[in-house]
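Only one structure is covered here, and it is reproduced in the block below.
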Amino acid sequence: MMIKTEKTLCLKSSRGGKVRVVREHYLREHVPCYSTLCQAACQNEGKTLSGEVTHYVVPDAGVVRDFLEVLEFRELQGIVFMQTACQAAQHSRGRRLYNRLRGLLKDPRHDCIHFANEFQMYSYCPRGKGETQEKWQTRSIYQAAVWYHDHLAGLRPVVMITEDQEAIAEYGSRTSGVYVISTKEYLETFWPDLKAAQELYSSIAQALQERESDSTEREYAEHLPAEVLEAGIKSGRFIQGTLNVNKHRAQQEAFVRFEGSANKNTELNSDILVWGGKHRNRAVHGDLVAVELLSSREWRGRTTALHEGLGEDKAGGDETQSQPMPTGKVVGILQRNWRDYVVTFPPWEEVQSQSRNSQRILVTPWDYRIPKIRISTQQAEALQDHRVIVRLDSWESTSLYPNGHTVRVLGKSGELETEVQTILVENCIHVPPFSEAQLREMPTNSAEQPWSVEAVEASSRLDLRDTHLVFSIDPLGCEDVDDTLSVRLLPGGTRLELGVHIADVTHFVKEGSLTDLEARSRATTYYLADRRYDMLPAVLSADLCSLLGGVDRYAMSVMWQLDAESLDVCKVWYGRTLIRSSYQLHYELAQSLLNGEPAEVPELSRARANEDEGERSRRRAELLEALRLLTRVARHLRALRDRGGALELEGVEVRAQLDSSKNITALVPKQPLEVHETVAECMIYANHWVARKIQESFPHQALLRHHPPPRQEFFNQLVDSARTRSFAIDTRSNKALADSLDQAVDHQDPVVNRLLRMMATQAMSNALYFSTGACSEEQYYHYGLALDRYTHFTSPIRRYADIIVHRLLMAAIDAEKGLAPSKALASNKDQEELAHQINNKNRAAQHAQKQSTELFQCLYFKDKDPLTDERCTADAVIYAIRANGMLVFVPRYGLKGAVYLKNRENQVVGVKEDGSCVWHGGTLERHLDRISTTTTTGTHTFRVFDHITVRISVQPSRCHPLNLCLEVASSRPHQAPQAGEQPKGRGRSELVQEVVRLAEEASQQAKEKKGRGKLSKEEREFRQSKQPNLYSLLQEVAQLALLDLPACEALGVGA
Amino acid sequence: MAGLELLSDQGYRLDGRKSTELRKIQARMGVFDQADGSAYLEQGRTIALAVVYGPHDVRGSRAKIQHDRAVINCQYSMATFSTAERKRRPHGDRKSTEMSLHLKETFEAAILTHLYPRSQIDIYVKILQSDGGNYSACVNAATLAVIDAGIPMRDYVCACTVGFVDDTPLADMNHAEESGGGTNLALALLPRGGQIALLQMDARLHQDHLDTLMEAAMTACKGVSKVLDEVVRQHLQETVILTGE
């Protein structure tokens, strides 16, 4: 039974006046305590506190507000967050902190719970007359702590931690078993070994103290209050959007992109420029801000000149500007989106000169877009030239820089290990080694305890071991085989049966298990240039879930019955199966078999040596027949999609992929083998049919993947560039685009088509996961593949989305059989949230992969002398023209970059008779498709698609990522002397290995004290396929566009 | 404000109720002697006063007379002091007119009007304090008043509002929850037969959720009917004791 009381609140009304509001407040006797020690039979559902702790700890409102980060340490156990504290924290620090707290409470890896003390009859205490809010909060929390202690019959002492000294004095010794101590004392007494927590605590405490003592004159305008902003946005006076800082002019230029379509200023269809630090008003890259437009007289254009030296700003007034665009200033920040930042501490001498009087120092973030951060620390000397993770605390209007505190030290800058960790942190990728508890969930498969098929499973699954010829086709040396195929003619001869069998990961990874949660938070396997972070523990990804040849494995299968003549689908079957793959083929082998070459099939020659020749040739014929059948079906499927308007982008795909990661060259030659396409087509087909199935079964909560059509204006660059070679590109539909790209081939120069396709890829938007309840049905369309519904089903080892889809498919099958689902499905909202999370992680993975590739490229060129070393000179193709330079593509290393024709002394590149280039005084003239330099030696014109020779060097940088710098060496194509001796396209994996080797040698020489695990040979060679097949490349069409973004930003085009 | 959290992760609402729990309902019948029937009802902090006159001859225009049934006349008003900021116009504005019409329709469906041809029944309802769910409080109060007046009805008419937050229906919303700007469905039910006297919803809602929402609303209305039944029985007992002596 509930008791009704009333409480009085004073609220601010919308007009700013104070209103007295009386609210009902219901109290009840039974509020679950969520402790396993509960003696009173509370209904504790879900997460409970373990009983295996020495005490329970109750943080008060102030601690939750300021020191939540400390409480986030997983080592701290038995934390009870009182409702009062949570609400106070939400009230004072906003949604962001509160959401973090909620995440903490939901995460089963943290031993903490929420107790609704204000709804419990005996732990609630009404606020007394004249009592301040803080006093009342402390009193409530103390009362609740006492109640909690009594409720558990005093089995565990309860410790309340607070920063309020008065409270310690007042309540400290009032009740036995309930202690009130300060946070510092608590950490020191109970967790003396947890040094990291203590350091973090003191770092935050110091930052807080500094903030209080700050009071100087104002540097920035105050932000407007939230109500005013909200009203302003509604009325259209302010515009809401995310702030994007231009990486190349981080001090000056930032852009605000609209969010949502509810924009009243319809004449504003571009981004809004925010120019200069004063107008940016303390907003940091990524924040959700409200901007007010300046009067149109004050509008400025964006700078179009290429900018040498990232991030540095010169005061030159002669910068070339584009048309004035809407310009505004930030009036308020709706949502801070601060994350962890990696910064570099300055050398000690600099610190000393910087500020003698205090321990505050300015550190420079790795990311150009983030302003310098002020930190108070005593460790400045020890940390010089180290990379450190820092969190921002606040940015007062009186301060030129934001305040922050240090969290964790990564290592000395410039070391390979530190740099790789930096990339991970900067992309918010968190990949600790799998914990013991997670590994304990895993089945074992060792020589002593071989894993075997369980009888129960065998009887419930469809057994295909004896009836179907199952085989896999993957790149050579692939370890994680997640897809296999089968095809056969059904008895009677009128029907074909095509089967796609995918590793049954969901059998091993149960929903809600620790492994599942870990996989969910990782969302994908991360591939960096030299290493890989798996989504699932190795025992699954490389062994039990991998559909290796000759062993029994669980699978999820889709099997179609096709008409043997017309190849129309007659019947589809989905379900769990038991398979044994007969052949583990690789692409080249499969192709040569198809071509009728006498290639050796290892399984045939090795396994049955005692078999007679006739049997062997029969089996060979059987395999050949299956491959032929498969090819026929795939051709048909392809033709079907083409008729639907499928975009023939796989050519682009492969070639664009080449740009950033050369090791694909080995796998995918210029002319892709037909068998690649065959496998890809089967996978697309399986994904498509699964998407249909789950969408029909769960119209509101199925996880699908769509690819929105690109915006037409993004194609402008492509169309313009193509016109210079008099190719017409039609971008009206995906089919028209594909056709016109096919025709735009210059027979003298194959690079032209490649570049055009690259630009087309750049214009594409990203393919994204979504929940079907969140979009209307037209939006399900996949532009690249021309399919009305599409999802990811075929790589559950590497992608979490596939695991979700597998579960959905199982639920759909169960529902069809009339079985009740074992667990309620995630709602549309949860599904959408998850899709969003996976999309973000995928983007982070892409960024990290790209940045690590760049890192390795830089390290590769770092020790080479650009003037003498042959490897630093290469052929490049111009693909766009800018005011003071041009953008080029270097096919040999797959690099893209800017080449300047004008330097800081206003000299331009002069071209001599023999084509070599020198700096000279002169002028520069820019046209749409060409740029000319005029010097004393004459005039030279660079045109789009011209071949030139560039020299590659590395720009040193202490705080930021290294950069490659390109210079014109000659206006003629590079005469490659090495053409004969060196294979074209130096494998990038080779490059990576060389860098790793050098790093290793260096570290060995230095004889590092700390035994940082050296990369073993096995780790270095990553045998697991990077991108297992063409098909997976095909799907990432749009994500590749991302690789080109920085180059565009440099020119102020893409932003 | 970024919007209050109407339903916490632990399943509590702002005022400590769970999603299906109603606010506390207290009621008294026969509060005025002059009227034929009257009732006072508190539903949480919403307070409604209902008065019934009739059945009597049709007043005013004779054109209103119905030859086969009674005419029902409803008037809804809100006290000027019922809201946090003083209300200028207690009745006659658009909202009140609409509410009067809704009440009229509700009671035309419930009262056995054919028993009183050529006559009129007046129902006046006033909101003394408003804290969300005004319509349901009015209906519940008016039901008691009609019963107090001894006018035969098919069944109790019980009303309740249901909101929809985070895919969960919230029964009997208060003002803070209503002003959150979500869906709000008002249902007046004849609980015994499960017939719907009135169903009203303004906001958009996906069709798929309608069933769960209706289900929750019906359960809530049946809960209300139990309370009303108890009030009527107690009132009866009291009067019996008084008249018996």
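Proteins come first, then strands; the chains are lettered A, B, ... in the order of their sequence lines, and each starts at number 1.
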Margin query: So for atom CZ, which belongs to R127(A), do other residues, nucleotides or ligands contribute more than 12 heavy atoms lying within a distance under 6.0 Å?
Written below: yes
Notebook entry, point to check: In Å and rounded to the nearest 0.5 Å, what is the CD to CD distance from Q87(A) to E5(B)?
Noted result: 8.5 Å
Margin query: Looking at Q234(B), I want to see if its CD is surrounded by more than 12 non-hydrogen atoms of other residues, nucleotides or ligands under 6.0 Å.
Written below: no
Next item on the list: Could you grab the distance from atom NE2 of H206(B) to atom CG of N828(A), nearest 0.5 Å is fine?
Entry: 9.0 Å
Check: Between Y12(B) and H114(A), is any pair of side-chain heavy atoms under 4.5 Å apart?
Finding: no
Check: Are any side-chain N or O atoms of R45(B) and backbone N or O atoms of V22(A), one a donor and one an acceptor, separated by less than 3.5 Å?
Finding: yes
Next item on the list: Any chance you could lay out the salt bridge (charged side-chain N to carboxylate O under 4.0 Å, His left out) test for K829(A) and D166(B), step after step, and finish with the verdict?
Entry: CA-CA 8 Å; K829(A) 206 176 134 224; D166(B) 292 343; 3.4 Å; yes
Next item on the list: Identify which part of H175(B) has an atom lying under 4.5 Å from any heavy atom of chain A, answering side chain, backbone, both or neither.
Entry: neither
Note to self: Heavy-atom count check: over 12 atoms from other residues, nucleotides or ligands less than 6.0 Å from H30(A) NE2?
What the structure shows: no
Next item on the list: Please assess E21(B) against Y26(A) for the test side chain to side chain donor-acceptor pair (under 3.5 Å), listing each intermediate value before the final yes or no.
Entry: CA-CA 11 Å; E21(B) 287 170 348; Y26(A) 289 89; over 6 Å; no
Notebook entry, point to check: CZ/R28(A) to NZ/K18(B) distance, rounded to the nearest 0.5 angstrom?
Noted result: 5.5 Å
Notebook entry, point to check: How far does CG of D208(B) sit from NE2 of H700(A), to the nearest 0.5 angstrom?
Noted result: 3.5 Å
Check: What part of R23(B) gets closer than 4.5 Å to chain A, counting heavy atoms only: side chain, backbone, both or neither?
Finding: both
Check: Are D9(B) and K106(A) close enough that some pair of their side-chain heavy atoms sits under 4.5 Å apart?
Finding: yes
Note to self: One pair to check against side-chain contact (heavy atoms from CB on, under 4.5 Å): Q10(B) and Q83(A). What are the steps and the verdict?
What the structure shows: CA-CA 10 Å; Q10(B) 287 75 27; Q83(A) 182 191 11; over 6 Å; no
Notebook entry, point to check: Is it true that atom NE2 of H836(A) has more than 12 heavy atoms of other residues, nucleotides or ligands lying nearer than 6.0 Å?
Noted result: no
Notebook entry, point to check: Is it the case that more than 12 heavy atoms not belonging to K104(B) sit under 6.0 Å from its NZ atom?
Noted result: no
